[in-house]
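Just so we're clear, the structure is a prediction, and the values are computed from it rather than from any experiment.
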Amino acid sequence: MVSISMRGAALAAIASASLAAAGAPATAQAAQASRAFDIPAGSLGSALARLGRQAGTVVSVDPALVRGKHSAGLRGDFTTPAALARMLASTGLSARSDGRGGYRIIAQTPAPRLAPRPAATRAAPTPLAGAIDAPMESDTGGADEQIVVVGALTDVEIDREQIEFRQANDLGDLFRQVPSVAVGGSVGIAQKIYVRGLEDNMLNVTVDGAPQRGTLFHHIGRVSIEPELLATVDVKAGAGEATSGFGAIGGAIRFRTRDADDLLKPGQSIGAIAKAGWFSNDGYKLSATVFGRLTEDLGIIASCAHVDRDNMKDGGGETLYGTAATQKLGFVKLGGTLGGRHRFSASYEQRNEQASFGQRPNWPVLASDPLFPAKAKRQTAILNYGLDAGEGVDIEATGYWTRSRFVQDRYDRWGLYGAAIRSYGFDIRGRFRQGRHDIVAGAEYRDDRVESRYLEDASIWGPWAWDPAIGRFVETGTVLGLYIQDHWRIADPLTLSVGARYDAYDLTQVTYADGTDSDGISVNAGLRYELADGLTLHASFAQAFRGKEIGDAFTLEKRPGRIALAPGLRPERVDNYEAGAAFNRDGFRASAVYYDMVIDDVILDQIGNGPAPQAPNYYENIGKFKANGIELRAGYSHGPFSIDAYFNHYRSRINGHPVEGYEHIGLGTSVGDNWNLTLGYRPSDTLGFEASVTHYNDLNDIEVLHRNVEIGWIPTTQLVDKPGYTVVDLFGRWQPLGSDRLTLLAGVYNLFDRRYRAHSSVADYSGIPDYEGVVGVREPGRDIRLTVSVRF
């Protein structure tokens, strides 16, 4: 199984490979057959990628071995070994059979072997033909994590093939088959990501290295992304290594966008892809992408997308009011190499959404309820730079600026109200390979600003006109981090990973002249032991530290004389323990992991404030969060057939009580035990099918409203249920012209039109007096999706 996550021109032109033929040549007899190669001159990494695709085999390489090297190209008929030998002549590298029909590129004078990144569990049935199997790389363009030990067994990567095959439209589609992740809310703007039960504001979420921080409005989601742009999505569940970034209490999610080299074919200098999609529940999607090569090592890509959705219906045929929306996207990215040793990319993305939602978009709207016009906008600009300094030294840097806005017209109460978050910062790191050590050390900085305003001007795209008689409310925050991580190959079967990071947080409530600051050190350590061929054992411990960050924009305002920060507010600290084993050989793959996580001094704005001088939005240390669970995965591939499955179980508690998305908004929620089974059949390069079944067990008798009892709102706690459900999805892909010139995609989400509410949405409190309106939106019913993609 091939795990693909690569960046920079040294490993370009990978993601455009088409679905693999399950019967791709992998035998010695096929390797000795001559075939025609047509590979232009260019970087060695790109040339090897093209060779692998044209040979229909897997070529694996450490990006560090090919970085800065060039190829004169190759044309003519050769066997695969002969083609590799000619390609690698005078490079100091050679190709070695991996024993499974593929090849691994090695130095002719081998350096101490480093353990590869454990392959992510993938639901895609077969590898991509001719892909280079590369270690996980950083958001800034280089391979910063060739070995991942801490949390490795629960890492998941979603690649471009999976995103396209399943016609993903939103976050729920992206993470539908990822065991550690649940997405709540059927309304796109209200969707929230939960990793092991922790809400996404407890994660470090980045787009090409740019963190997506802060909360605009607690009833909408914090993360917005258009799947059409993505090359890969990498999920790291649980606190991990020092390179995971700021505030990675619950883990990290890294979105990587496509670049021109991901799409250009050998010898191609310009191209385009046009797509049109229709979904029965209920709307359409149009997109266009143009890409080209400005010079041999410099490429550009530009994309636009338009989504128009009407109100959806649930599995019972009832209209989900307030789910209609219009989304527009624009994206441009320029990147490549300069002088062989320098690499860079610069990108800009803008995503707009306009709709009329309920006053709380993550709660349902009745037919008689009013809808309130709202607009959302996200802009992100990113600059990535990398330098191969030689002698095993690489430098990587990322600079970014990102801004998100949300405006809602509450014409029934306060009128037009807006919120905005702006972040900018950088991450610079060096990678040093000396002997058996692979060390990453760096520094990162982020500056955040959140504000909310009573608005006079309905336009949110230009400067805001605000009412000075009522005012605006502002908070700012900065974070500085220093980190180091070492992967030490102690012996051939044993790798030790150790790391530490220092973080300093500073928060200022500008409007109310208050604030807080904190700093601390986090450490991690992990072991990976290769017990036998294909069998590895893992054990790890990791800490993460987080001080108070900027707050929820819609709750910044408070009455005079009240305070929003508890005196002596302490930072959060998480301890995460994991242990497990993984097996991958002869088409079989399996893993089992146990984890235990404790967060001390959880910072939360609870329901209902206490006595004066506490403000209604009052951040305090509320106690200890605990979660433990197991994650089991297994799969097998043979010929055109594949099967993958997972089982996920965890329980999360805050001060001994269950965590639930209504009371603990901003912290997490609870879900029942769940499993997934995915079957794949790929009879040829141009035809593929997949069926997926996801099941959640009942989670009943959840004791809730502890906080409401504590502050005297109600006399006793109550019980709510989260009924179980099973959802079946089908997907198909066909290229009738025998190439990706024309691709037809068909899918059916929720095949049996099941009526259900996702466990990661707010539970149903409607049976409790005075809480009838507290309930999450139901998920869409059956949704048939058809997409036509034409490549020029």
Requested in this report: Salt-bridge test for R446 and E444: reply yes if a basic N is under 4.0 Å from a carboxylate O, no otherwise.
Outcome: no

Query - Aromatic ring pairing F545/Y505, orientation class (parallel under 30°, perpendicular over 60°, tilted between) - result: tilted

Query raised in the report: Between D600 and K624, is there a side-chain N and carboxylate O pair less than 4.0 Å apart?
Result: yes

Query - Donor-acceptor contact present, side-chain R501 to main-chain S522, <3.5 Å - result: no

Report task. Determine yes or no for a side-chain-to-main-chain donor-acceptor pair under 3.5 angstrom, with N576 supplying the side chain and A542 the backbone. Result -> no

Report task. May I ask you to test the Q162-R160 pair for a side-chain heavy-atom distance under 4.5 Å? Result -> no

Requested in this report: Decide yes or no for I599 and M202: does some side-chain heavy atom of the first lie under 4.5 Å from some side-chain heavy atom of the second?
Outcome: yes

Query raised in the report: Can you tell if the side chain of V774 reaches within under 4.5 Å of the side chain of W363, non-hydrogen atoms only?
Result: yes

Query raised in the report: Would T257 and D208 count as having a side-chain donor-acceptor pair, cut-off 3.5 Å?
Result: yes

**Report entry** Test item: N621 side-chain N/O and G623 main-chain N/O as donor-acceptor pair under 3.5 Å
**Finding:** no

Report summary line: Residues passing the salt bridge (Lys or Arg N to Asp or Glu O under 4.0 Å) test with R755, sequence neighbours excluded, are D314, E318

**Report entry** Name of the residue among L171, D200, D173 meeting side chain to side chain contact (heavy atoms under 4.5 Å, CB included) with V183
**Finding:** L171

Query raised in the report: What do you reckon, are the aromatic ring centroids of Y725 and H759 less than 6.0 Å apart?
Result: yes

Query raised in the report: For the side chain of N676 and the backbone of V693, is there at least one donor-acceptor N/O pair under 3.5 Å apart?
Result: yes

Query raised in the report: Just checking, any donor-acceptor pair under 3.5 angstrom between side chains of S692 and D729?
Result: no

Query raised in the report: Would you say the side-chain atoms of T323 pair up with the backbone N or O of M312, donor to acceptor, closer than 3.5 Å?
Result: yes

Requested in this report: Output all residues satisfying side-chain contact (heavy atoms from CB on, under 4.5 Å) with L537, sequence neighbours left out; order by chain, then residue number.
Outcome: L531, A581

Query raised in the report: Can the ring centroids of F583 and F588 be said to lie less than 6.0 angstrom from one another?
Result: no

Query raised in the report: Which residues satisfy the side-chain contact (heavy atoms from CB on, under 4.5 Å) test with T215, sequence neighbours excluded?
Result: R222, D552

Query raised in the report: Given side chains that start at C-beta, do those of F625 and V659 come closer than 4.5 Å, heavy atoms only?
Result: yes

Query - Which residues share a salt bridge (Lys or Arg N to Asp or Glu O under 4.0 Å) with E660, sequence neighbours left out - result: K722

**Report entry** Y595 six-ring centre to R196 NZ/CZ under 6.0 Å and within 45° of normal
**Finding:** yes

Report task. Tell me yes or no: between the side chains of S497 and Q485, is some donor less than 3.5 Å from an acceptor? Result -> yes

Query raised in the report: Parallel, tilted or perpendicular: which describes the rings of Y577 and F541, with under 30° parallel and over 60° perpendicular?
Result: tilted

Query raised in the report: Any sub-3.5 Å donor-acceptor pair from N201's side-chain atoms to G666's backbone N or O?
Result: yes

**Report entry** Flag, side chain of N204 to backbone of G247, donor-acceptor distance under 3.5 Å
**Finding:** no

Query raised in the report: Considering residues at least two apart in sequence or located in another chain, which fulfil the side-chain contact (heavy atoms from CB on, under 4.5 Å) criterion with F752?
Result: V728

Query raised in the report: Would you find a donor on one side and an acceptor on the other, under 3.5 Å apart, between the side chain of D764 and the backbone of S766?
Result: yes

Report task. Check the pair V233 / F175 against side-chain contact (heavy atoms from CB on, under 4.5 Å), numbers first and verdict last. Result -> CA-CA 9 Å; V233 183; F175 296 108; 3.9 Å; yes

Report task. Give the intermediate values and the outcome of side-chain contact (heavy atoms from CB on, under 4.5 Å) for residues Q177 and R166. Result -> CA-CA 11 Å; Q177 298 176 10; R166 292 163 192 159; 3.1 Å; yes

Query raised in the report: Does any N or O in the side chain of E663 come within less than 3.5 Å of the main-chain N or O of L705, such that one atom is a donor and the other an acceptor?
Result: yes

Query raised in the report: Under the side-chain contact (heavy atoms from CB on, under 4.5 Å) criterion, do V602 and I654 qualify, and how do the steps go?
Result: CA-CA 9 Å; V602 170; I654 181 74; 4.1 Å; yes

Query - Contacts of type salt bridge (Lys or Arg N to Asp or Glu O under 4.0 Å), residue R570, not counting sequence neighbours - result: D601

Query raised in the report: Would you say the side chains of D427 and Y483 form a donor-acceptor pair under 3.5 Å?
Result: yes

Query raised in the report: Looking only at atom types and distance, does a side-chain atom of R528 sit under 3.5 Å from a main-chain N or O of T495, one as donor and one as acceptor?
Result: no

**Report entry** Residue pair R651, D673: steps toward the side-chain contact (heavy atoms from CB on, under 4.5 Å) verdict
**Finding:** CA-CA 9 Å; R651 291 293 179 265; D673 294 350; 3.4 Å; yes

Query - Salt bridge K192-E199, side-chain N to carboxylate O under 4.0 Å - result: yes

